[in-house]
Amino acid sequence: MILVYLVSWTLLIEGTLCDHFRGGTASWKYNRGRNEIDITRRTFWTSTFVSNCIGDDVGSAFTSYDCDGTCYLQQDLISCTDRSTTLNFATGERMFSYRISSTLNGWFSNCCWIDGSFWDLKIFIDVANKLPETVNTSPVTLVLPVIRIQYGCGQGTVHIPVEDADGEDIIKCRWAQESNQECGEVCRRLSENSLDRLQCTLNVESAGVGTYIVALQIEDFSSVGSSDTPYSSVPLQFAIDVYSSSQQCAELPQIFSSQSDRSRVFIMTNSTWTQKIVATSSNGSRISEIITASPSGLRKSNLTPIGNSSQWYINVSWTPSNTQLGPHIFCYA
């Protein structure tokens, strides 16, 4: 059975950001049939950097992958899932398998973030910490690559969506550490106290106008006892753009769907889930795009107006395969 975690944001698109990397994440799960770890890596780039990332095409971009000094891959082929012209990004994911007997530290790294900085995405895997009963599965997380917040409008809390197939584990978020090779040159761009580790929320009310790179590690812990050692650690990097605008706060467009924000939907494999997503303009202007970050295989229709109103909609559908068992996060704005 598949668990889909639905997350919606309201964004007002203004301006552009430079350089090609827009963030990413990774997760892992144990494949008992092959006795291997399946690692899923998602990356956001500018759409101009990965120009062939359209529809179901496969885009590629130079990214190094290193695991405890024993393996190295230069070309990372990504199956594209989403593309936005207004936010200038393309994204996709790739799953590959790796056989380990105990622990593994893996790094994805390259250049360049918005400000030209080098970056690292680090994943920690431990397959022995729950034996002999079971093997751990890492948390899953996903956000849009740029979350835009209008300054002074009371929108300063950012919820980081996280899910864990193990259910009973405790999930915590923390800042990625340069000393652990988790973030390259993009570590700690916001204040220490802006992150609530247990709720996985960021408070940027006190942040001034500007673009802030966020580099986090999402970790799962035992719900028994008080161990400070995580079962696993997965990365999440994205940007928060705090902007000023002459528009009133209430003029932001609104997003509606049949499921509420941060709701959970259970889907059987090889069955089709559908949803209609509606965007409403508060000032009568045209909605140019509904932006998504989707699981592989999710289909999205063209943006269509509803009569002569200020509403526009898309239909999405997804038929998950047997290889996609576990939680997935679907973001839209």
Side-chain angles (χ1 to χ4, degrees), residues 4-17 22-23 44-48 50-51 53-56 80-92 142-159 161 204 209 211 238-263 265 273-295 297-318 328-333:
V4 180
Y5 186 89
L6 307 175
V7 185
S8 66
W9 279 281
T10 298
L11 299 180
L12 181 64
I13 309 302
E14 293 180 350
T16 58
L17 301 172
R22 285 291 181 271
F44 290 95
W45 296 283
T46 59
S47 57
T48 50
V50 191
S51 57
C53 190
I54 301 173
D56 297 323
C80 298
T81 61
D82 307 90
R83 188 171 187 266
S84 168
T85 55
T86 50
L87 270 187
N88 185 23
F89 79 81
T91 182
L142 181 63
V143 298
L144 294 175
V146 182
I147 297 176
R148 308 200 71 240
I149 296 174
Q150 187 172 344
Y151 181 75
C153 288
Q155 306 167 345
T157 300
V158 178
H159 296 268
V204 294
V209 173
T211 300
F238 62 100
I240 295 177
D241 185 23
V242 182
Y243 68 96
S244 61
S245 176
S246 58
Q247 284 192 299
Q248 296 181 8
C249 300
E251 292 182 347
L252 291 173
Q254 300 298 313
I255 300 288
F256 304 94
S257 71
S258 55
Q259 276 90 26
S260 61
D261 185 25
R262 299 197 293 275
S263 63
V265 178
W273 168 76
T274 61
Q275 178 172 284
K276 184 177 183 178
I277 302 173
V278 179
T280 301
S281 171
S282 58
N283 58 10
S285 61
R286 185 185 187 278
I287 300 294
S288 60
E289 185 177 18
I290 295 177
I291 301 165
T292 59
S294 316
L298 187 140
R299 305 296 182 187
K300 182 173 67 173
S301 70
N302 293 328
L303 186 67
T304 304
I306 300 177
N308 295 321
S309 69
S310 56
Q311 292 186 321
W312 298 69
Y313 75 94
I314 60 170
N315 289 316
V316 297
S317 63
W318 186 41
H328 297 261
I329 295 174
F330 175 42
C331 304
Y332 51 90

- [ ] Find the distance between NZ (Lys276) and OH (Tyr313) and round it off to the nearest 0.5 Å.
- [x] 5.5 Å
- [ ] Using the test side-chain hydrogen bond (donor to acceptor under 3.5 Å, both in side chains), find all partners of Ser84 that sit at least two apart in sequence or belong to another chain.
- [x] Thr86, Glu289
Open item on the list: Within the structure provided, determine whether Trp273 and Leu298 are in side-chain contact (heavy-atom separation under 4.5 Å).
Closed with: yes
TODO: Quick one: pull up CZ in Arg299 and OG1 in Thr274 and give me the separation to the nearest 0.5 Å.
DONE: 15.0 Å
Task: Residue among Asp82, Thr91, Thr81 satisfying side-chain hydrogen bond (donor to acceptor under 3.5 Å, both in side chains) with Thr292 - done: Asp82
Task: side-chain contact (heavy atoms from CB on, under 4.5 Å) between Val316 and Ile277, intermediate numbers included - done: CA-CA 8 Å; Val316 297; Ile277 302 173; 4.2 Å; yes
Open item on the list: Ring of Tyr243, cation from Arg148 - is the NZ or CZ under 6.0 Å from the centre and inside 45° of the axis?
Closed with: yes
Task: No-hydrogen, no-angle side-chain donor-acceptor test under 3.5 Å, Ser257 and Tyr332 - done: yes
Open item on the list: Test side-chain hydrogen bond (donor to acceptor under 3.5 Å, both in side chains) on Gln311 and Thr280; report intermediate values, then the result.
Closed with: CA-CA 4 Å; Gln311 292 186 321; Thr280 301; 3.1 Å; yes
Task: Beyond-backbone contact of Val158 with Ile240, side-chain heavy atoms, under 4.5 angstrom - done: yes
Task: For the student: nearest non-hydrogen atoms of Gly297 and Trp318, plus distance - done: C-CD1, 3.5 Å
TODO: For residues Gln275 and Asn315, determine if any side-chain heavy atom of one lies less than 4.5 Å from a side-chain heavy atom of the other.
DONE: no
TODO: Please round to the nearest 0.5 Å and tell me the distance separating atom CD1 of Ile147 and atom NE2 of His159.
DONE: 10.5 Å
Task: Minimum-distance pair of heavy atoms, taken over all atoms of Val143 and Cys331 - done: CA-SG, 3.9 Å
Task: Value rounded to 0.5 Å, distance of CD1 in Ile290 from CH2 in Trp312 - done: 10.5 Å
TODO: For residues Ser310 and Ile287, report the shortest heavy-atom separation together with the two atoms involved.
DONE: O-CG1, 4.4 Å
Open item on the list: Can you tell me which residue among Val278, Asn302, Leu303 is in a side chain to side chain contact (heavy atoms under 4.5 Å, CB included) with Ile314?
Closed with: Leu303
TODO: To the nearest 0.5 Å, tell me how far Gln150 CD sits from Ser244 OG.
DONE: 8.5 Å
Open item on the list: Restricting to non-hydrogen atoms, name the atom on Leu142 and the atom on Ile329 that form the minimum distance, rounded to 0.1 Å.
Closed with: CD2-O, 3.3 Å
Task: Heavy-atom closest pair, residues Phe330 and Ala293 - done: CD1-O, 3.5 Å
